[in-house]
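Have a look at the structure below, then the notes.
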Amino acid sequence: MPDPVGKLPSELDQLPDRDAEETAEWAASLDAVTEHAGPHRAAYLMRRTLQHAERGGVPVPALLETDYVNTIPTAAEPAFDGDEAMETRIAGWNRWNAAAMVTRGSRLGVGGHIATFASAAWLYETGFNHFFRGKEGDGSGDQLYIQGHASPGIYARAFLDGRLTEEHLDNFRQEAGGKGLPSYPHPRRLPWLWEFPTVSMGLGPLSAIYQARFNRYLTNRGIKDTSASHVWAFLGDGEMDEPESTAALALAAREGLDNLTFVINCNLQRLDGPVRANFKIVQELESQFRGAGWNVVKSLWGTAWDELFALDTTGALVRRLREVPDAQFQTYATRDVAYIREHFFGAEPALTELAKLLTDAKIDECFHSSRGGHEARKVYAAYRAALAHKGAPTVVLAQTVKGYTLGTGFESRNANHQMKKLSGDQFRTMRDLLGLPIPDSKLNDELVPYGHPGADSPEVRYLQERRAELGGPAPARRVHAVALPEPSEKAFQSVYKGSGKQSVATTMAFVRLVKDLMRDKETGRRWVPIVPDEARTFGMEALFPSAGIYSPLGQTYDPVDRDQIMYYKEAKDGQILNEGITEAGSMADFIAAATSYATHGETMIPFYIFYSMFGWQRTGDQMWQLADQLGKGFIVGATAGRTTLTGEGLQHADGHSHLLAATNPASLNYDPAFAYEIAVIVKDGLRRMYGPDAEDVFYYLTVYNEPMPQPAMPEGVEEGIVKGLYRFKEGVPAKADSPRLQLLASGTAIHWVLAAQELLAAEWGVTADVWSATSWGELRRDALEADEALLRGEQRTPYVTQALDGAPGPVLAVSDWMRQVPDQISQWVEQDYSSLGTDGFGLSDTREAARRHFGVDAHSITVAALAQLARRGEVPASAVKEARERYGL
């Protein structure tokens, strides 16, 4: 119930007050300050009291938001460990070449982004000169997640240190000739430089968190000591609106990932305009990160502001900075001093008096250029504070001007993200501002030159010496390929034998196989099982006691099921990553593990198992990120198909993931019908991904939750399983001239087809051969490669055409997927071809009813087969009508 003054009671009202008189005295003191010194003074005292209590270890809630000033006062900044003048010259060359590269490319219309790096240049330069550890020193070096739109600046720096040439820069965004530079950080396109693809916004921060977490996982499991590695993620303030950007903040704080630093370039602009036009994005982000348990360091103002803050004896300046919305502050950055005096300092008398003490030049400098993110000393102090903080990750909120140093036509303009070039006059202005020795004679509107001080110049020597001290060039991707030994054949042989009379779902067959492979002495510890809180659904609880669930804290409680064999066991060296309900987080885990062979020189074998509906549909962007990052491993869509998951209905019924997966060139997609097929595919996958001739691919397998007897593996089918098609069961003709056709099926559909084979033979005198199509996608990939060979003058027949060569009758393909999935191969099948599938939305019902609804059950297959034969004149048309009536269709 509300109290007498109409305010809701708080949790404090539930605590006993041991000294009500003392409490009343404190409240009265606060009231007195408010009355006599004003609410601003009262608020200041309260904040200082809370800060003092927090520093003293008093358990009070932390402040979620601090004043709009730098976290580190100028007097507390550490000594700058470098030659600031030299670094300024280096930054100037990089700024110039980044702008020149994009401007020269704009002649061909390939585009590019200039303003982002212009605002963030010092955020990168300070890191490269003082903090980012390379891969040629001890350990793995640091992991750098570069903001995608800043790539021109990274290329410019690589040009300065000799890793790129002018020819490379002139081929920015022109990759077809083989000498180009990709638009953004793309490891698959430039694998010696880029480690992490980040331009799909939101995936960089999410992946950085899980990368930092995976680094700890490797250490705690004794795989590799990564304690010296630090993860740096460079982000835009607009990017933080992506849900993925903040999806795992609590995880990072919960696990104390002080090996992680976010650097958010707060230039207050997104692609079309202000990030928070009517609000303040820095304050919002501070509250969000502090609330999640992160350490927050704000670097907002440059040294020019020191004089203003020193003159602010009333706190009016700080209050004004807190209340001005971002869009208005952007306007100040583009208007003259008179406007700023009127609209900023004219807000209250104390500010008007303060402004009288300031020259126009000082106001101009403060509002047009002096930001914490534009000064090496400010950035250096922020980074030092981030690395010194222990027990939690840190976010650095650095305020900058988007388009800084590019001139008034670029700086803080809403459209600057889409502005792709500078004119000759703009380059002259930029040259003068940066103090670069580039003569007017080389500047024109057609082809601005690149600038370089010389390979033996003081600038280049300084840059290279700094990088040598920090462990070599960065960013850089290094692969020290070491093939894994083949696991023991014993695990595979047990699956090849089949299950006898026992019914086993292929989901369970896969889990049992991996469980046995995890026992292998050589490679077992390199498996990384990943599951998003569905381990029991997939029968993985048997792994809990033996492998353990990873937790940096171990198990600090007595599990409720401790007296059971398969109890819930968490451990510091646990092998399983059980992520809770987050497919995105699980995929980020998978990517970190799948690329550990390059990031850390440690090959891991991740498998991520999930409801198939929640893979390619929900996290497909991350599947592309995985491909771009050259990841390897097994992605397993369990409870697959549109009709096998009884009762769950539309949102769980997957009939299309294989169609989505087929669009990704790095994904090898299989839909095995039997346990032995899974074993063959996994064995071949281990060879292709981790053998002596390792390929940059990953596997997508779909497995089902429908228990069925698993047959023993027939002889000689391994090649067909891997290539995508083999004849599983040949039909026995009742008589020599009986009609004949070929039934192709994948996954659980093989069982409906086998039942239809019997119906066709027993009731209609039709002979059908049954083929297991383990991969429609691999059949198509092979056929496309054969077509490409023809263009080169090479004659090659697609495997699917060869396999079905001479097979009598038409072909009917059936699956628990949309018809487009098996139809991928239709143009290379020489026989008459048709298909059945589960097109449309899923629904809740029994498996039998759902299959009848979609027309893929044995009776429907039988009718469809008869219809195909009737069209060819091999059975009477009346047989089709009779079959429909007999089976109730």
Side-chain angles (χ1 to χ4, degrees), residues 33-34 36-51 63-77 266-268 274 276-287 296-375 377-378 381-382 397-401 404 412:
V33 171
T34 303
H36 295 290
H40 295 306
R41 177 61 180 170
Y44 175 82
L45 289 176
M46 288 299 298
R47 290 200 303 273
R48 289 300 295 266
T49 302
L50 284 172
Q51 289 172 346
L63 291 170
L64 294 184
E65 186 180 320
T66 61
D67 285 324
Y68 203 61
V69 297
N70 294 347
T71 301
I72 305 169
T74 301
E77 291 173 5
C266 297
N267 57 35
L268 313 185
R276 291 291 183 275
N278 296 300
F279 305 94
K280 301 189 80 62
I281 186 59
V282 169
Q283 300 300 88
E284 179 182 319
L285 290 173
E286 179 184 28
S287 297
V296 178
V297 177
K298 292 194 290 191
S299 182
L300 307 181
W301 310 113
T303 53
W305 283 82
D306 289 347
E307 180 182 345
L308 277 69
F309 289 125
L311 294 171
D312 181 30
T313 58
T314 65
L317 176 62
V318 174
R319 289 197 300 274
R320 182 65 175 146
L321 290 174
R322 281 177 62 96
E323 69 188 22
V324 174
D326 284 351
Q328 183 61 47
F329 205 87
Q330 293 296 85
T331 300
Y332 294 146
T334 63
R335 302 300 292 270
D336 59 24
V337 172
Y339 179 92
I340 297 170
R341 285 186 182 276
E342 177 184 354
H343 291 87
F344 181 84
F345 291 103
E348 61 173 282
L351 286 176
T352 302
E353 293 301 312
L354 186 153
K356 292 177 181 178
L357 304 175
L358 303 174
T359 65
D360 284 356
K362 173 61 70 173
I363 293 176
D364 180 80
E365 181 183 8
C366 286
F367 282 82
H368 293 153
S369 61
S370 184
R371 302 290 187 275
H374 293 328
E375 295 187 12
R377 289 179 177 271
K378 299 295 185 184
L397 302 175
Q399 185 161 275
T400 65
V401 174
Y404 183 60
S412 297

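The model shown is predicted, which means the values in this text are computed figures rather than measured ones. For the numbers below, each heavy atom of this structure counts, side chains included, while hydrogens, waters and symmetry mates do not.
- For the atom pair Leu308 CG and Trp301 CH2, the distance stands at 10.0 Å (nearest 0.5 Å).
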Residues Phe345, Leu358; criterion side chain to side chain contact (heavy atoms under 4.5 Å, CB included); working and verdict: CA-CA 11 Å; Phe345 291 103; Leu358 303 174; 4.0 Å; yes

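- Considering every non-hydrogen atom in both Asp67 and Gln283, the closest pair reads C-NE2, 4.2 Å.
- Expressed to the nearest 0.5 Å, how far CZ of Phe309 lies from CG of Leu321 amounts to 5.5 Å.
- Ser370 places no side-chain N or O within 3.5 Å of a backbone atom of Glu365 that could act as its donor or acceptor partner.
- Note that the CG atom of Leu351 and the CG atom of Leu311 stand 11.5 Å from one another [nearest 0.5 Å].
- Of the possible polar contacts, one joining the Arg322 side chain to the Thr66 backbone as a donor-acceptor pair under 3.5 Å is found.
- The CZ atom of Arg41 sits 11.0 Å away from atom OG1 of Thr34, with the distance rounded to the nearest 0.5 Å.
- Scanning both residues, Arg371 and Gln399, for their nearest heavy atoms gives CB-O, 3.1 Å.
- Closest of all the heavy-atom pairs between Ile72 and Ala381 is CD1-O, 3.3 Å.
- Side chain of Asp326 to main chain of Leu268: no donor-acceptor pair is present (N/O by atom type, distance under 3.5 Å, no hydrogens or angles).
- Partners of Glu348 under the salt bridge (Lys or Arg N to Asp or Glu O under 4.0 Å) rule, at least two apart in sequence or in another chain, are Arg319.
- With sequence neighbours left out, the salt bridge (Lys or Arg N to Asp or Glu O under 4.0 Å) criterion links Asp360 to Arg341.
- Taking every heavy atom of both residues into account, Glu375 and Gly302 meet most closely at OE2-CA, 3.1 Å.
- Residues satisfying the salt bridge (Lys or Arg N to Asp or Glu O under 4.0 Å) criterion with Arg276, sequence neighbours excluded, are Asp241, Glu284.
- For the pair Arg47 (side chain) and Ala42 (backbone), a donor-acceptor distance under 3.5 Å is absent.
- Ring geometry for Tyr339 versus His343: interplanar angle under 30°, hence parallel rather than tilted (30 to 60°).
- Going from atom CD1 of Ile340 over to atom SG of Cys366 covers 9.5 Å, rounded to the nearest 0.5 Å.
- Residues Asn70 and Leu300 share a closest heavy-atom pair of OD1-N, 2.6 Å.
- No donor-acceptor pair under 3.5 Å is formed between the side chain of Gln330 and the backbone N or O of Pro274.
- Within the 3.5 Å criterion, the main-chain N or O of Leu357 finds no donor-acceptor partner in the side chain of Lys362.
- Taking the ring centroids of Trp305 and Tyr68, they lie at or beyond the 6.0 Å cut-off.
- Ring geometry, His374 versus Tyr404: the interplanar angle falls under 30°, so the pair is classed parallel (tilted spans 30 to 60°).
- The two residues Asp312 and Leu317 come nearest to each other via the heavy atoms OD1-N, 3.1 Å.
- Remark: the backbone N or O of Glu323 is not paired with any side-chain donor or acceptor of Lys280 at under 3.5 angstrom.
- For the atom pair Lys298 NZ and Leu285 CG, the distance stands at 10.5 Å (nearest 0.5 Å).
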Evaluation steps, side chain to side chain contact (heavy atoms under 4.5 Å, CB included), between Leu397 and Glu286: CA-CA 8 Å; Leu397 302 175; Glu286 179 184 28; 4.1 Å; yes

